[in-house]
Trainee: 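Quick one: the structure is below, and I'll ask about it shortly.
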Amino acid sequence: MVSNSRAGDYPPPPGASQSFGTALCGLSETLNGDEMEEHEKGRDAFESDEAYRLHALRHSTAHIMAEAIQTLFPGAKFTIGPPIKDGFFYDVDVAEPISEESLTDIEKAMKRIVKRNSKFERSVLSRPDAVALFEALEQPYKVDRIGRLPEDAEIMVYDQGGFRDLCAGPHVQRTGNCKHFKLLKVSGAYLDGDSRNKMLQRVYGTVWRTRADLDLYMERQEEARKRDHRRLGTALELFMFHPYSPGAPFWLPKGEDLYNTLQGAMRGLLMEGGYSAVRTPMLFDKKLWETSGHWDHYQEVMFHFAEGHHAEGDSDEEDDSQILGLKPMNCPSHMLIFGRKRRSYRELPMRIHDQGVLHRNELRGALGGLTRVRQFCQDDAHIFCTEDQIAGEVEQVIQLVDKVYSAFDLGYRAKLSTRPADKLGSDDLWDKAEAALQNALEKAGVEFVINEGDGAFYGPKIDFDVLDALERPWQCATIQLDFQLPRRFDLSYIAEDNSAHVPVVIHRAIFGSFERFIGILIEHYAGEFPMWMAPEQVRIATVSEKSVGHGQDILEAAQAGGVKATFDDADDKIGKKIRTWHGSKVPYLAVIGEREQEDGTVSIRSRKSREMETMSLPEFVARMQGEAKPPF
RNA sequence: GCCACCGUAGCUCAGUCGGUAGAGCAACUGAUUCGUAAUCAGUAGGUCAGCGGUUCAAUUCCGCUCGGUGGCUCCA
């Protein structure tokens, strides 16, 4: 059976944040093992008994769901039904699509199977017997899977009271062990994950060892939904969307402030790190994209159109030379900048940073909130260097990623993607490049997994995934080696021996896109941004109209000191103002009444504590300024 | 793009088994001038996403379009 590609928690973040990893280990009563089958296949692959047993439980529940679907949808053909993080799914080919409404019916049928308490009985079949069995059961996808099993594979079938499925196991002992489940959603899924293939129906479910675990899981999912950046972004007035420009956020004043803060902080960090910033065009002649290879490999993701004025209904073939494309990436511009004059090895490594606006024509169905948009900016940079400099440069970027993510207390997972089948360049070059990336990761002490064959055609890469509130991974930082682009642009530098060499290019981003990263941060902080990022750092609230004058003085002093302050002088009671302020997630509230007015002081309370602190006006401004310093 | 679901006031959501809609918060007006998590009263606000069909009658049923959500594919 297919192994779980999404299971496993990310390594704990350097600051050991509790926002991630809602693993429910330890909540179940001590395991006594009586609910597992005796056959302990693959036990070693799991880090704990709990993980191993949950895996078996989820796998078993998937089988129960399959049987239930078969009774309700006669003729259903099953493909794969693996356990995944927190649950399982099964992909099934049915004549009528499965709707969300039918989930309750499927659940009812599953409950009957659980109640029946059938034993999961394992038998080993010969290949011809197994093929004959699944042909008789009219399960062509299973027959196909048997054909794809390795020569020496032991072919096993599990029988749960009549319903039989091809499966490597292990399972729990009885269907009665799978009581605490819930079906969550249905979706389409392509056969073998290939969009050219038929679309199957995928049903997702979750299952836990105890009722309490299930309830806790559902509650946590509900809590996570409250942190959804789309919800918070609307509530906190950070951004909006409009149907006239799907996939393109409108940054409202507070969101724009947050965006600018992050852009500035990253720009400052990179300037310190020896980068120089540039600004480049958005619209380019098609010829550029032909040179870069985007026209051949990326055209469908680009927005492009004809230059010049065309009369309505003018259907003449467009002149190719007039096609313009909106940039989906900055790299070609940077190639042109590098190539504008003769370069010496003394200039290397050359690091060019660009926060330009990018457009990608993403499929409509793929768009969502800030995490997948059509218009965005990256904290993009390209490093031009010699082959000998690759290791050092990559290591430096990995350290930057770790430094920045630690500052946000964000956990991440690193993936090293190696050469794909249709690669460009010699094996020798790839050997060196992959080794350089791997060494850099090891030297930096960053845990990583290897994604065999998942590299770009032009070079291997390291991607860094971060989790959102619902623990879905999103690719943010990336480090990609590129041996091809410099060649396509005919770039060279003069080495010490006065001969010309082709530089290597490293594409790298730390946040990735500002849009996606901000979306992640909103969820990570549940909207409660640290002082330095907060678009509103302190709100000044008057107790009554009598102290408006003093409040105004404080506002002016704060703003003059660069503190992002606002003034709530509304005709409301202070209790109401506190409540409203708390919902706004602003870090500090300054309460100004007649006492403060007389003493010339400021009384503040923070989001984290109800305790008041009173201080002089200069002390207040200095404290706000001190806490607003960026951590990197 | 594919599969399923959703679209009611600025926001969160009721409701209508077909007879053109309601709450809370927000907004606005008035009263109140108040010391640490909601002062009182009132007012206004909706082509029930859009277009078409069925019907005496559509927000409700059907179709299409647009947008969104969850997945698939792809990717920052």
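Throughout, protein chains are lettered first and strands after them, A, B, ... in sequence-line order, and every chain is numbered starting at 1. Computed over heavy atoms, backbone and side chain alike; hydrogens, waters and symmetry mates excluded.
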Trainee: For G70(B), does either OP1 or OP2 sit under 4.0 Å from a side-chain N or O belonging to R202(A)?
Mentor: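 So the side chain of R202(A) is outside the cut-off, no N or O lying under 4.0 Å from OP1 or OP2 of G70(B).
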Trainee: Checking side chain to side chain contact (heavy atoms under 4.5 Å, CB included) against T79(A), which of D192(A), D144(A), V92(A), L200(A) comes through?
Mentor: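 Single side chain to side chain contact (heavy atoms under 4.5 Å, CB included) partner of T79(A) among D192(A), D144(A), V92(A), L200(A): L200(A).
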Trainee: When the C1' atoms of C3(B) and A44(B) are compared, how many Å lie between them, rounded to an integer?
Mentor: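 The answer is 44 Å between these two C1' atoms.
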Trainee: Got a salt bridge between D91(A) and R202(A), using NZ or NE/NH1/NH2 to carboxylate O under 4.0 Å?
Mentor: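 A salt bridge links D91(A) with R202(A).
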Trainee: Would you state whether a donor and an acceptor, one from the side chain of R605(A) and one from the base of U36(B), lie under 3.5 Å apart?
Mentor: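 For R605(A), whose side chain was compared with the base of U36(B), there is a donor-acceptor pair (under 3.5 Å).
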Trainee: Kindly point out which of G70(B), A76(B), C72(B) is positioned nearest to the side chain of M199(A)?
Mentor: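 Comparing G70(B), A76(B), C72(B) against the side chain of M199(A), the answer is C72(B).
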Trainee: If you only use heavy atoms from C-beta on, which nucleotide in G70(B), U12(B), C5(B) is closest to the side chain of R231(A)?
Mentor: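 For R231(A), the side-chain atoms sit closest to U12(B).
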Trainee: Is L367(A) touching bases, backbone alone, or none of the nucleic acid, heavy atoms closer than 4.0 Å?
Mentor: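 Result for L367(A) = sugar-phosphate.
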Trainee: The side chain of K546(A) is closest to which nucleotide in this list: C34(B), C72(B), U36(B)?
Mentor: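 Looking only at side-chain atoms, K546(A) lies closest to C34(B).
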Trainee: Can you name the residues that form a side chain to side chain donor-acceptor pair (under 3.5 Å) with K77(A), not counting sequence neighbours?
Mentor: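 Scan of K77(A) (side chain to side chain donor-acceptor pair (under 3.5 Å), adjacent residues dropped) gives none.
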Trainee: Consider the side chain of P246(A), meaning its heavy atoms from C-beta on, and name the nucleotide among G68(B), U36(B), U33(B) that approaches it most closely.
Mentor: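 The listed nucleotide nearest to P246(A)'s side chain is G68(B).
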Trainee: Report the nucleotide, chosen from A37(B), G71(B), A76(B), that has the shortest atom-to-atom distance to any side-chain atom of I578(A).
Mentor: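 The listed nucleotide nearest to I578(A)'s side chain is A37(B).
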Trainee: Between G35(B), U69(B), C3(B), spot the one nearest the side chain of R230(A), thanks.
Mentor: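 Nearest to the side-chain atoms of R230(A), counting from C-beta on, is U69(B).
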Trainee: Are the charged groups of D568(A) and R539(A) less than 4.0 angstrom apart, N to O?
Mentor: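 No salt bridge links D568(A) with R539(A).
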Trainee: Between C6(B) atom P and R225(A) atom CZ, what is the distance in whole Å?
Mentor: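 The distance from CZ of R225(A) to P of C6(B) comes to 17 Å, rounded to the nearest Å.
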Trainee: If I pick the P atom on A26(B) and the same atom on G71(B), what distance separates them, to the nearest angstrom?
Mentor: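 Their P atoms lie roughly 33 Å apart.
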Trainee: Applying a 4.0 Å non-hydrogen cut-off, can you work out what V373(A) is touching in the nucleic acid: base, sugar-phosphate, or nothing?
Mentor: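 Touches a base.
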Trainee: Quick one: E594(A) CD to U36(B) P, roughly how many Å, whole number?
Mentor: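 One finds 14 Å between P of U36(B) and CD of E594(A), rounded.
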Trainee: Rounding to the closest angstrom, what is the interatomic distance between G68(B) and A31(B) at atom C1'?
Mentor: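 Each nucleotide's C1' atom is 43 Å from the other's.
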Trainee: Counting the atoms with a prime plus P, OP1 and OP2 as sugar-phosphate, which does E101(A) contact under 4.0 Å by heavy atoms, base, sugar-phosphate, or nothing?
Mentor: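 Contact class for E101(A): none.
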Trainee: Are K185(A) and E100(A) ion-paired here, with the side-chain N under 4.0 Å from a carboxylate O?
Mentor: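 No, no charged N to carboxylate O under 4.0 Å.
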Trainee: With no angle test and no hydrogens, is the base of A76(B) tied to the side chain of E362(A) by a donor-acceptor pair under 3.5 Å?
Mentor: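 Looking at the base of A76(B), it does pair with a donor or acceptor on the side chain of E362(A) (distance under 3.5 Å).
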Trainee: Can you tell me if the side-chain N/O atoms of R372(A) get under 4.0 Å from OP1 or OP2 in A76(B)?
Mentor: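 Indeed not, no polar side-chain atom of R372(A) lies that close.
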Trainee: Considering only side-chain heavy atoms of Y190(A), which listed nucleotide, U36(B), C72(B), G70(B), is closest?
Mentor: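 Of all the options, the side chain of Y190(A) is nearest to C72(B).
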Trainee: In terms of side-chain heavy atoms of S187(A), which of C3(B), A37(B), A76(B) is nearest?
Mentor: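 In terms of side-chain proximity for S187(A), the closest of C3(B), A37(B), A76(B) is C3(B).
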Trainee: How close or far is atom P of U36(B) from atom CZ of R595(A), stated in whole angstroms?
Mentor: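 Those two atoms, CZ and P, are 9 Å apart.
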Trainee: Can you check the distance between G7(B) and C13(B), where both ends of the measurement are the P atom (answer in whole Å)?
Mentor: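 The answer is 11 Å between these two P atoms.
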Trainee: Between P on C5(B) and CG on L183(A), what's the gap in Å once rounded to a whole number?
Mentor: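 Spelled out: CG on L183(A) to P on C5(B) is 16 Å.
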Trainee: Roughly, in whole Å, what's the span from CG in L184(A) to P in C3(B)?
Mentor: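 In whole Å, C3(B) P lies 22 Å from L184(A) CG.
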Trainee: Provide the distance between the two C1' atoms, one in G63(B) and one in U54(B), to the nearest whole Å.
Mentor: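 These two C1' atoms come out 11 Å apart once rounded.
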Trainee: Whenever both distances are under 3.5 Å in a Watson-Crick or G-U wobble pair, mark it; put RNA chain B into dot-bracket that way, with [ ] for crossing pairs and | when the partner is on another strand.
Mentor: (((((((..((((.....[..)))).(((((.......))))).....(((((..]....))))))))))))....
Trainee: When the distance from CG of D228(A) to C1' of C11(B) is rounded to whole Å, what number comes out?
Mentor: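 From D228(A) CG to C11(B) C1': 15 Å.
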Trainee: Quick one: label Q378(A) by what it contacts on the DNA or RNA (base, sugar-phosphate, nothing), any heavy atom closer than 4.0 Å.
Mentor: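 It contacts sugar-phosphate atoms only.
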Trainee: List the steps and the verdict of side chain to side chain donor-acceptor pair (under 3.5 Å) for E596(A) and T601(A).
Mentor: CA-CA 5 Å; E596(A) 286 76 12; T601(A) 55; 5.1 Å; no
Trainee: Whole-Å distance between C66(B) P and F241(A) CZ?
Mentor: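 One finds 19 Å between P of C66(B) and CZ of F241(A), rounded.
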Trainee: When we call it a touch if two heavy atoms are under 4.0 Å apart, what does R516(A) touch: a base, just sugar-phosphate, or nothing?
Mentor: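 If one applies the 4.0 Å heavy-atom cut-off, R516(A) turns out to touch a base.
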Trainee: Output yes when K182(A) and E107(A) qualify as a salt bridge under the 4.0 Å nitrogen-oxygen rule, no when they do not.
Mentor: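 A salt bridge links K182(A) with E107(A).
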Trainee: Measure CG/L238(A) against P/C11(B) and give the value in whole Å, please.
Mentor: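 Roughly 15 Å, once rounded to whole Å.
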Trainee: Using the P atom as the point on both nucleotides, what is the distance between G1(B) and C62(B), in whole Å?
Mentor: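 Taking atom P in both C62(B) and G1(B), they lie 24 Å apart.
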Trainee: Hey, what are the protein-to-nucleotides 38-40 of chain B N/O distances that come in under 3.5 Å?
Mentor:
residue	atom	partner	partner atom	Å
A38(B)	N7	R579(A)	NE	3.0
A38(B)	N7	R579(A)	NH1	3.3
A38(B)	N7	R579(A)	NH2	2.9
A38(B)	N6	R579(A)	NH2	2.6

Trainee: Looking only at atom C1', what distance separates A41(B) and C48(B), rounded to whole Å?
Mentor: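 Pairwise C1' distance, A41(B) against C48(B), rounds to 30 Å.
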Trainee: Which nucleotide sits closest to the side chain of P97(A): C11(B), C3(B), U36(B)?
Mentor: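 For P97(A), the side-chain atoms sit closest to C3(B).
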Trainee: Pick the P atom in C6(B) and in U60(B), then give their distance to the nearest Å.
Mentor: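 Result for the P pair: 14 Å, nearest Å.
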Trainee: Which part of the nucleic acid, if any, lies within contact of A366(A), taking any heavy atom under 4.0 Å across all strands shown: a base, the sugar-phosphate backbone alone, or nothing?
Mentor: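 The answer is base, as A366(A) lies within the cut-off (heavy atoms under 4.0 Å) of a base atom.
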Trainee: Just compare U73(B), C75(B), C3(B) and give me whichever is closest to any side-chain atom of R360(A).
Mentor: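 Comparing U73(B), C75(B), C3(B) against the side chain of R360(A), the answer is C75(B).
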